[in-house]
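Structure first, then comments.
Within every chain, numbering begins at 1; the chains are lettered A, B, ... in the order of the sequence lines, protein sequences first and strands thereafter.
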There are 2 protein chains.
Amino acid sequence: MPPPDHSNVVSITHLRQTCRSCSLRELCLPLGLDNDDMQKLEDIVHSRGPIRPGEHLFREGDSFHALYAVKTGALKTYTIDNQGREHVLGFHLGGELVGLDGIHSGHNRCNAVALQNATVCAVPFSRLEQLSREVPGLQAQILRVMSREISASAQLATEHSADERLAGFLLSLSRRFRRRGLVANLITLPMPRRDIASHLRLATETVSRLFARFQEEGLVAVRRRDVEILDLPALEKLGEALDLDGDGRSRRSPQTR
Amino acid sequence: MPPPDHSNVVSITHLRQTCRSCSLRELCLPLGLDNDDMQKLEDIVHSRGPIRPGEHLFREGDSFHALYAVKTGALKTYTIDNQGREHVLGFHLGGELVGLDGIHSGHNRCNAVALQNATVCAVPFSRLEQLSREVPGLQAQILRVMSREISASAQLATEHSADERLAGFLLSLSRRFRRRGLVANLITLPMPRRDIASHLRLATETVSRLFARFQEEGLVAVRRRDVEILDLPALEKLGEALDLDGDGRSRRSPQTR
DNA sequence: CGAGTACTTGACCCAGATCAAGCCATGTGG
DNA sequence: CCACATGGCTTGATCTGGGTCAAGTACTCG
């Protein structure tokens, strides 16, 4: 483990003082920016107070004017198709962006609703576009984030068995928990089974049965929304056919070819 | 129908002269750019000679340095998972971009192979990034294209019956043919059944049977790779649950809400 | 403590997969 | 010009992963 990075701690404290309501440091957007550029970014965003579970951040068809960075809590995005069926497109944890799919049409293409109490930063898109012209690192990061989202949703669209999909999903959550500094093998699911099922194109009952089977096989210990990963290698063996984070982690490293 | 735009025709001719090998005008990227900016874009791209069917444009793991705009012909992108199964991620016709998913990791995340004889423009990514800082319209267009790709692949990842998926796929192809100035109801499929099946998470046999049923029901006339759409409204009724182009065409218009 | 919601478990069913021929273009060599 | 191979496509028979339907059970929150 590397030694604690005190310079980092100090600047976080500093930023907390200049912008109490919204430290961007943990978010995906400013990755690779220096403090100066960070400040410019902070100047254009504004924090949006607590969103209660079930409360919507935006709805499909709303005119698009901002991206949202999740600070705390969790959201899901979904659409309702013309038969009235709900499709869960994704889940958004702390540090992740919501709303990228609205850029193209100028209208939000999905609904975003809080699963738990959540706080977000609104990033006005026109100002982000403008700023990203001045700050090359920001432009590059936006493109990376969007590219990653493309990989990830293309992966989700591929054909895999139910257990591969659930295993891949748990691994993805685990990695995202770790990125936020939480214990990677102790997940508290922010969403009900029904939403997991919809996201993975399964029936709620199938998700329930798979959790039971994974537990039986000693892969995980499940109790309601708490999932402990017991046998990571076995879970990875199942789930590595997918790469739900779009980051290539599950593949043999390309540069070693 | 609007009167023909002669100024446009003239400038296409002009550009053909200055850059015989690769007119970007029909490609998706320069939409909304003026002639001056277009020229700057043309200056950084370079044409890449004919790619024969089965020949690869790039492979998974190759280091990423350019996007590719398809000029003529058609490509497919696919991955091979760790079980050796092929997954077709998408098809790319004239005027469409390939390779956006490689930006994030600096390596191509999929394989791209020609389905027919194809010609492409290579757009060196670092120069595109640089140019898009100078030309705001270009930056905006890149973001729109990527956003649209996110919507589209999220849609493909949703759960729909086999006939909804195939209908949605045919409609998507039809629209893309029309955008290229071809007859929208007369499609020549550039890919074999196997690839359509893989892309839509179906078995080849199911695709074949669905074509037979669609024909029986008078929706289409199919003969080998030639598909004529006979009953567009009926096909749309089936396929509009999906929105494989990510452009919201199939939804009740958001601004009328 | 009662009502509602999330979750689980069992029995049965079906859309679409798999297996197995056969068909039909196109190409190739004799 | 014709065997006959080859690969894409179709069609039929059968099978099965996961869906649906139907009870329960267990938290959670007034």
Side-chain angles (χ1 to χ4, degrees), chain A residues 52-54 74 76 83-88 91 113 115-117 158-170 187-217 220-227 238 241, chain B residues 52-54 74 76 83 85-88 91 113 115-117 158-170 187-217 220-227 238 241-242:
Chain A
R52 315 235 149 258
K76 75 170 176 185
Q83 323 274 312
R85 296 169 297 196
E86 172 178 331
H87 301 272
V88 173
F91 302 105
V113 64
L115 293 164
Q116 308 170 317
N117 280 321
T158 56
E159 150 124 66
H160 293 278
S161 65
D163 44 12
E164 286 172 332
R165 295 211 294 275
L166 186 61
F169 176 71
L170 289 176
I187 301 169
T188 297
L189 302 171
M191 74 294 281
R193 303 283 191 266
R194 177 175 23 90
D195 288 341
I196 299 176
S198 168
H199 183 52
L200 300 178
R201 302 187 296 269
L202 297 171
T204 311
E205 294 93 326
T206 304
V207 172
S208 192
R209 279 187 257 263
L210 284 174
F211 273 135
R213 213 187 73 212
F214 282 4
Q215 172 148 284
E216 215 168 89
E217 292 168 348
V220 296
V222 187
R223 192 191 140 77
R224 262 179 107 48
R225 302 249 177 129
D226 295 315
V227 179
L238 254 183
Chain B
R52 316 236 148 257
K76 75 170 177 185
Q83 323 274 311
R85 297 170 295 198
E86 172 178 332
H87 301 271
V88 173
F91 303 105
V113 65
L115 293 164
Q116 309 170 317
N117 279 321
T158 57
E159 149 124 69
H160 292 278
S161 64
D163 43 13
E164 287 173 330
R165 296 211 294 275
L166 186 61
F169 176 70
L170 289 177
I187 301 168
T188 297
L189 302 171
M191 73 294 281
R193 303 284 191 265
R194 176 175 24 88
D195 288 342
I196 298 176
S198 168
H199 183 52
L200 301 178
R201 305 188 294 268
L202 297 172
T204 310
E205 295 92 327
T206 303
V207 171
S208 192
R209 279 187 256 264
L210 284 174
F211 273 136
R213 215 187 72 211
F214 282 3
Q215 172 149 286
E216 215 169 273
E217 293 169 346
V220 297
V222 188
R223 191 191 141 77
R224 265 177 103 52
R225 303 246 178 132
D226 294 316
V227 179
L238 253 183
L242 255 80

> Taking atom types as they are modelled, is there a donor-acceptor pair under 3.5 Å from the base of D/dC9 to the side chain of B/E205?
Replying inline: no
>> Can you say whether a donor on the side chain of B/R209 sits under 3.5 Å from an acceptor on the base of D/dG12, or the other way round?
In response: yes
>> Looking only at the side chain of A/T204 (C-beta and beyond, no hydrogens), which of the listed nucleotides C/dT9, D/dG18, C/dT8 gets closest?
In response: C/dT8
>> Which nucleotide wins on minimum distance to the side chain of A/R193, given the candidates C/dT9, D/dG12, C/dC7?
In response: C/dC7
> Given atom CZ of A/R213 and atom C1' of C/dT9, what is their separation to the nearest angstrom?
Replying inline: 15 Å
> Which whole-number value in Å describes the distance from A/R224 CZ to D/dA26 P?
Replying inline: 11 Å
> Side chain of B/R201, backbone of B/H87: donor and acceptor closer than 3.5 Å?
Replying inline: no
>> Side chain of A/R223 only, heavy atoms from C-beta on: which candidate in D/dC27, D/dC9, D/dT11 is closest?
In response: D/dC27
>> Please confirm whether the shortest side-chain N or O distance from A/R194 to OP1 or OP2 of C/dA6 is below 4.0 Å.
In response: yes
> Which residue, A/M191 or A/E159, contacts DNA chain C at a nucleotide closer to its 5' end, judged by nearest heavy atom?
Replying inline: A/M191
>> Can you identify which nucleotide, out of D/dG8, C/dG16, C/dT8, has its nearest atom closest to the B/S161 side chain?
In response: C/dG16
>> Between A/R165 and B/E159, is the salt bridge (charged side-chain N to carboxylate O under 4.0 Å, His left out) condition met? List the steps.
In response: CA-CA 13 Å; A/R165 295 211 294 275; B/E159 149 124 69; over 6 Å; no
> In whole Å, what is the span from the CG atom of A/L166 to the P atom of C/dC7?
Replying inline: 13 Å
> Could you give the CZ-to-C1' distance, from A/F211 to C/dA6, as a whole number of Å?
Replying inline: 13 Å
> When the nearest nucleotide of DNA chain D is assigned to A/R201 and to B/A212 on a heavy-atom basis, which residue is associated with the more 5' position?
Replying inline: B/A212
> Heavy atoms under 4.0 Å, any strand shown: does A/R165 hit a base, just sugar-phosphate, or nothing?
Replying inline: nothing
> CG of B/L202 versus P of D/dC9: gap in Å, rounded?
Replying inline: 15 Å
> Hey, does the side chain of B/Q215 reach the backbone of B/V222 with a donor-acceptor pair shorter than 3.5 angstrom?
Replying inline: yes
> Could you state the interatomic distance from CG (A/D195) to CG (A/L115), rounded to the nearest 0.5 Å?
Replying inline: 6.0 Å
> Just how far, in rounded Å, is C1' of C/dC7 from CG of A/D226?
Replying inline: 14 Å
> D/dC9 phosphate, OP1 or OP2: any side-chain N/O from B/R225 under 4.0 angstrom?
Replying inline: yes
> Quick one: B/E164 CD to C/dG16 C1', roughly how many Å, whole number?
Replying inline: 14 Å
>> Are A/P190 and A/R225 packed together at the side-chain level, in the sense that at least one heavy-atom pair is separated by less than 4.5 angstrom?
In response: no
> Below 4.0 angstrom from OP1 or OP2 of D/dG19, is there any side-chain N or O of A/T206?
Replying inline: yes
> Rounded to the nearest 0.5 Å, what separation is found between the CG atom of A/L166 and the NE2 atom of A/H199?
Replying inline: 11.0 Å
> How would you label the contact of B/A162 with the nucleic acid (heavy atoms, under 4.0 Å): base, sugar-phosphate, or nothing?
Replying inline: sugar-phosphate
> Please give, in whole Å, the distance from D/dG18 P to A/I196 CD1?
Replying inline: 16 Å
